Amino acid sequence: MLVTAKSLEHQLEKVRELESRLTFRLSVLSKLLDHQAQELLVDTDINLTSYRILNVINTFTAASISDISRFCGIDRAQVSRTAVDLQKRGLVAFTDDPISKRKKIVSLSPAGAELLETLHPKFLARNAEFDDLLGPERVKALTEAINILSEHVTN
């Protein structure tokens, strides 16, 4: 196929249209952020999903699989599989829920807490870098926008 100025301009217009879609741009950014975060875990034997689950458990001290799933936006079955793997690695422990015998409560083990303690500074530095890059007003506006969009897609 012969490349002409007109065909290049048409292709460029299609690229501009694609890049003008907010949902497309957010999806690409999400993938880039995930890849960058996974790089911060390169010296560990956990992946990003495991890290996120450990953080949620740490935040709430203990949580059910359903609660972790809702909070992370990760499929319940994937959270369950990952939590079982984390238990096998000695990073979390399961206990029975005192109210519902079918539910299991997940909590951090000392090894899980220690791992998070070593990783936390890397992720805090990453957040600080973004905060510095954007500045307080943009961070506030972005946070508000994310809250609005999150509420909209969950209702």
Side-chain angles (χ1 to χ4, degrees), residues 9-87 91-95 97-100 102-109 112-155:
E9 186 58 42
H10 176 71
Q11 194 66 33
L12 184 58
E13 186 56 38
K14 288 172 68 176
V15 169
R16 283 188 193 114
E17 182 207 335
L18 183 60
E19 288 186 338
S20 72
R21 296 181 197 158
L22 179 62
T23 54
F24 176 79
R25 299 287 304 272
L26 289 172
S27 178
V28 170
L29 178 60
S30 175
K31 300 276 188 238
L32 292 170
L33 290 169
D34 283 355
H35 179 73
Q36 184 190 51
Q38 187 62 51
E39 289 294 314
L40 296 176
L41 299 169
V42 75
D43 295 332
T44 71
D45 63 348
I46 65 167
N47 61 25
L48 189 53
T49 300
S50 296
Y51 176 75
R52 288 179 174 151
I53 289 170
L54 290 172
N55 264 296
V56 170
I57 296 166
N58 186 51
T59 298
F60 295 107
T61 308
S64 71
I65 296 294
S66 296
D67 291 338
I68 296 167
S69 173
R70 274 191 299 277
F71 196 80
C72 289
I74 301 172
D75 177 71
R76 191 183 179 292
Q78 184 178 5
V79 171
S80 182
R81 285 189 305 273
T82 303
V84 167
D85 180 61
L86 291 170
Q87 179 192 33
L91 300 173
V92 301
F94 287 97
T95 56
D97 185 312
I99 299 167
S100 170
R102 292 181 60 217
K103 265 188 179 180
K104 296 287 185 192
I105 302 298
V106 190
S107 58
L108 283 182
S109 70
E114 185 179 320
L115 176 61
L116 278 181
E117 205 171 295
T118 63
L119 293 172
H120 201 63
K122 291 180 185 183
F123 283 87
L124 285 178
R126 178 180 183 231
N127 277 323
E129 181 183 340
F130 291 157
D131 287 348
D132 290 345
L133 180 66
L134 294 173
E137 286 105 26
R138 285 187 179 130
V139 168
K140 182 180 178 194
L142 182 58
T143 300
E144 290 171 357
I146 290 169
N147 291 342
I148 290 167
L149 291 171
S150 295
E151 186 174 323
H152 177 75
V153 298
T154 57
N155 287 333

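As the structure is a computational prediction, the values presented were derived from the model and not from experiment.
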Check your understanding: Sub-3.5 Å donor-acceptor pair from the side chain of S69 to the main-chain atoms of I74, do we have one?
Key -> yes
Exercise for review: Kindly say whether R76 contributes a backbone atom to a donor-acceptor pair with the side chain of S80 at under 3.5 angstrom?
Suggested key: no
**Study point:** Closest approach of I57 to L108 (non-hydrogen atoms, all atoms of both residues)
**Key:** CG2-N, 3.5 Å
Exercise for review: Could you tell me whether the side chain of L119 reaches within less than 4.5 Å of the side chain of I46, counting heavy atoms only?
Suggested key: yes
Review point. Say you draw a straight line from CD of Q38 to CG of L33; how long is it, rounded to the nearest 0.5 Å?
Key: 13.0 Å
Exercise for review: Let me see the working for V106 and L86 under side chain to side chain contact (heavy atoms under 4.5 Å, CB included), right down to the final yes or no.
Suggested key: CA-CA 10 Å; V106 190; L86 291 170; over 6 Å; no
Check your understanding: Would F94 and V84 count as a side chain to side chain contact (heavy atoms under 4.5 Å, CB included) if you check the C-alpha gap in whole Å, the side-chain angles of each, and the deciding distance to 0.1 Å?
Key -> CA-CA 9 Å; F94 287 97; V84 167; 4.3 Å; yes
Practice item. Output yes when a side-chain donor or acceptor of S27 lies under 3.5 Å from a complementary backbone atom of F24, and no otherwise. Key: no
Review point. Which atom names give the shortest non-hydrogen contact between D43 and K122, and what distance separates them?
Key: OD2-NZ, 4.3 Å
**Study point:** Residue pair I53 / V79: nearest heavy atoms and the distance that separates them
**Key:** CD1-CA, 4.0 Å
Exercise for review: Flag the pair R126 and E129 as a salt bridge only when some basic side-chain nitrogen lies within less than 4.0 angstrom of an acidic carboxylate oxygen.
Suggested key: no
Check your understanding: Taking C-beta and beyond as the side chain, do Q36 and E39 meet within less than 4.5 Å on heavy atoms?
Key -> no
Revision key, fill the gap. A62 and I105 have their tightest heavy-atom pair at CB-CG2, 3.5 Å
Point to revise | Inter-residue atom distance L29.CG - L32.CG, 0.5 Å rounding | key: 6.5 Å
Point to revise | L91 side, atom CG; E114 side, atom CD - distance, nearest 0.5 Å | key: 10.0 Å
Check your understanding: Can you say whether the rings of Y51 and F123 are parallel (under 30°), tilted (30 to 60°) or perpendicular (over 60°)?
Key -> parallel
Review point. Nearest heavy-atom pair of V56 and C72: which atoms, and what distance?
Key: CG2-SG, 3.3 Å
Exercise for review: State the CD-CG distance between E117 and L115, to the nearest 0.5 angstrom.
Suggested key: 10.5 Å
Exercise for review: Carefully, step by step, assess R70 and D67 under the rule salt bridge (charged side-chain N to carboxylate O under 4.0 Å, His left out).
Suggested key: CA-CA 5 Å; R70 274 191 299 277; D67 291 338; 2.3 Å; yes
Point to revise | salt bridge (charged side-chain N to carboxylate O under 4.0 Å, His left out) between R16 and E13, worked out | key: CA-CA 5 Å; R16 283 188 193 114; E13 186 56 38; 3.5 Å; yes
Check your understanding: Quick one: does L41's side chain get under 4.5 Å of N47's, heavy atoms only?
Key -> no
